[in-house]
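Shown next, in structure tokens, is the structure this report addresses.
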There are 2 protein chains.
Amino acid sequence: MSIPEPTIKRLCKILSTLEILEQEGNSFTSSSKLEQISGFPSHTIRKDFSFLNNPGRTGSGYEISALKGAISQSLGLVGENRACVVGLGRLGSSLLEYPGFNNGNFKIVAGFDRSVNKIEMMDSTVELFPAYKLEEIILQKKIDIGIIAVPADVAVAVAQKMIDAGVRGILNFAPVRVVAPEGVVVQNVYAVDYLRFIASMINQR
Amino acid sequence: MSIPEPTIKRLCKILSTLEILEQEGNSFTSSSKLEQISGFPSHTIRKDFSFLNNPGRTGSGYEISALKGAISQSLGLVGENRACVVGLGRLGSSLLEYPGFNNGNFKIVAGFDRSVNKIEMMDSTVELFPAYKLEEIILQKKIDIGIIAVPADVAVAVAQKMIDAGVRGILNFAPVRVVAPEGVVVQNVYAVDYLRFIASMINQR
DNA sequence: GTATAGTTGTGAAATATTTCACAGGTGGAG
DNA sequence: CTCCACCTGTGAAATATTTCACAACTATAC
Ligand SMILES: NC(=O)c1ccc[n+]([C@@H]2O[C@H](COP(=O)([O-])OP(=O)(O)OC[C@H]3O[C@@H](n4cnc5c(N)ncnc54)[C@H](O)[C@@H]3O)[C@@H](O)[C@H]2O)c1
Ligand SMILES: NC(=O)c1ccc[n+]([C@@H]2O[C@H](COP(=O)([O-])OP(=O)(O)OC[C@H]3O[C@@H](n4cnc5c(N)ncnc54)[C@H](O)[C@@H]3O)[C@@H](O)[C@H]2O)c1
């Protein structure tokens with residue numbers, strides 16, 4: 001039985017929440033605590049968990065580490081998904097050290113910028129390359145996911161190169177709608193969309 | 001009749017798409033063209049538009065500027081929503097000049113950072129203030145929406161100050177789940193959630 | 001004029017998702 | 001032990017959303 005998309009999105013958020021709870025020293029939680037933190041109703045959360053295999057124990061709650069495992073497994077978040085960041089300006093350099101990008105199932109294995117100078121000056125734990133090596137390195141390092149942090153006018157071209165080189169997913173921060181062929185998953189993070197959503201909730205509900 | 005939330009989110013994205021189309025010199029479009037760009041099925045788009053008042057003309061398509069107006073109006077995106085950015089590091093300084101934040105219904109009217117030095121050195125068209133003036137300026141400039149771009153460990157405190165000062169919406173980029181009382185709309189942009197969503201689509205569908 | 005290929009808008013049907021209700025379990029206090 | 005307050009898991013009901021189908025319209029070409 002396939003998991004509904006709204007459930008997948010909630011599970012992704014809950015996974016982050018669990019990591020935060022764990023960092024704070026908790027090892028158990030419950031659907032009602034998760035409701036308080038995440039805002040999703042507890043019955044929805046329990047229903048979501050019913051797509052997992054036996055994550056909790058009737059009567060007591062959920063053991064966080066087991067729950068994390070069950071969610072990761074059901075979402076197919078196994079193994080190590082390799083990603084790269086293209087465009088090492090303000091946003092891109094921040095993303096290189098974004099906590100959580102290098103935890104668990106993800107690893108940033110390369111950064112790219114057009115400016116060779118910038119690459120040489122930057123000091124990062126991630127290996128950096130000039131932009132013209134993008135396709136070569138994606139193939140060589142078997143990179144699955146490309147993260148776009150370049151100016152809008154070159155974003156589509158960068159996306160095309162990534163697709164040609166065989167990435168299977170793209171996370172695009174540039175204010176351009178990247179489209180991809182069947183088989184490549186794209187998420188466009190267009191910041192103004194969130195502002196609009198906030199404003200529409202403020203102004204009408 | 002209130003607009004379904006999935007429809008609202010799609011309309012927000014379509015609005016961005018329309019702006020891009022308009023910049024490219026188009027003045028008409030159709031649901032099938034929008035399908036190609038946005039990925040949403042054309043019948044869903046038309047159904048979404050049925051919540052607006054008469055945006056298009058049967059037979060021909062949609063006039064982009066009229067459509068933009070109809071969407072904005074229905075979403076309550078009227079007047080000028082004033083916003084501020086707190087934390088002017090890499091992400092924050094990029095957000096200050098993010099195109100689209102200062103277009104149409106939004107205006108960034110202030111930036112804040114803890115480092116007074118940074119504020120004095122930075123050169124921006126937006127007025128900048130030291131962080132301790134946050135509440136004062138939010139009140140004075142009647143700021144509706146706060147954007148958080150500070151490190152995770154201070155994000156909750158910053159959010160609380162914003163709430164106390166009376167913002168009605170918060171867009172949080174720090175990897176912390178900000179919770180707010182009824183009446184304050186929060187959107188948490190937790191980048192790793194998108195990576196997880198991409199990975200789960202790649203690995204299972 | 002007439003065909004043709006496109007278009008919108010929208011009820012109704014088909015699906016998907018959320019909510020409800022509750023059986024049944026747990027653990028701690030007295 | 002009993003009581004109490006909490007918990008999960010899940011079918012079934014209620015609701016929300018998407019999809020379909022098509023009448024009606026428009027613009028263009030010939
Ligand atoms: N979605 C969001 O939340 C969000 C937030 C901030 C910025 N942005 C967007 O992210 C992008 C980057 O913003 P920024 O402020 O970091 O810009 P920036 O100007 O600071 O950095 C852009 C970097 O890209 C590099 N670059 C340019 N062309 C390139 C190419 N063809 N290949 C590789 N590298 C190239 C430049 O050398 C530069 O280092 C912009 O499109 C911006 O609008 C999105
Ligand atoms: N969601 C995303 O897509 C995304 C992307 C990149 C970064 N981030 C997050 O955004 C945040 C900022 O990242 P960054 O790389 O720009 O960090 P940064 O270190 O470059 O900048 C942080 C800035 O916040 C300022 N600051 C610290 N405490 C403050 C306070 N109490 N009040 C006001 N200003 C304060 C600092 O002076 C600094 O200028 C981090 O939490 C990061 O994890 C999110």
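The chains referred to below are lettered A, B, ... by the order of the sequence lines, with proteins before strands, and numbering in each begins at 1.
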Taking for each residue the nucleotide of DNA chain C with the nearest heavy atom, is it A:Arg46 or A:Pro6 whose nucleotide lies nearer the 5' end?
A:Pro6
If you check every side-chain atom of A:Pro41, which of C:dT19, D:dG9, C:dA12 has the closest atom?
C:dT19
Which atoms form the tightest heavy-atom contact between A:Gly56 and A:Tyr62, and what is the distance?
CA-CD2, 3.4 Å
Nearest-Å distance, CZ (B:Phe28) to P (C:dG6)?
19 Å
A:Thr29: which of A:Thr17, A:Leu34, A:Ile14 passes side-chain contact (heavy atoms from CB on, under 4.5 Å):
A:Leu34
Pick base, sugar-phosphate or nothing for B:Tyr62, based on heavy-atom distances below 4.0 Å to the nucleic acid.
sugar-phosphate
Whole Å only: how far is the CD1 atom of A:Ile45 from the C1' atom of D:dT10?
16 Å
Tell me whether the OP1 or OP2 atom of C:dT7 has a side-chain N or O from B:Ser30 closer than 4.0 Å.
yes
Phosphate oxygens OP1/OP2 of C:dT18: is one of them under 4.0 Å from a side-chain N or O of A:Arg10?
yes
In whole angstrom, what separates A:Glu63's CD from D:dC7's C1'?
16 Å
Are any of A:Thr44's side-chain N or O atoms less than 4.0 Å away from OP1 or OP2 of C:dT18?
no
Between B:Ser60 and D:dC25, is there a side-chain N or O to OP1/OP2 distance below 4.0 Å?
no
Between A:Val189 and A:Leu171, what is the shortest heavy-atom contact and its length?
CG2-CD1, 3.6 Å
Here's a test of your reading of the structure: between B:Asp48 and B:Lys33, which maps to the more 5' nucleotide of DNA chain C?
B:Lys33
Looking only at heavy atoms, which two atoms of B:Leu134 and B:Val86 are closest? And how far apart?
CD1-CG2, 3.7 Å
Contact under 4.0 Å: A:Arg57 side-chain N or O vs C:dG27 OP1/OP2:
yes
Taking atom P of D:dC7 as reference, at what distance in whole Å does atom NZ of A:Lys47 sit?
20 Å
Can you check whether A:Thr58 has a side-chain N or O nearer than 4.0 Å to OP1 or OP2 of D:dG9?
no
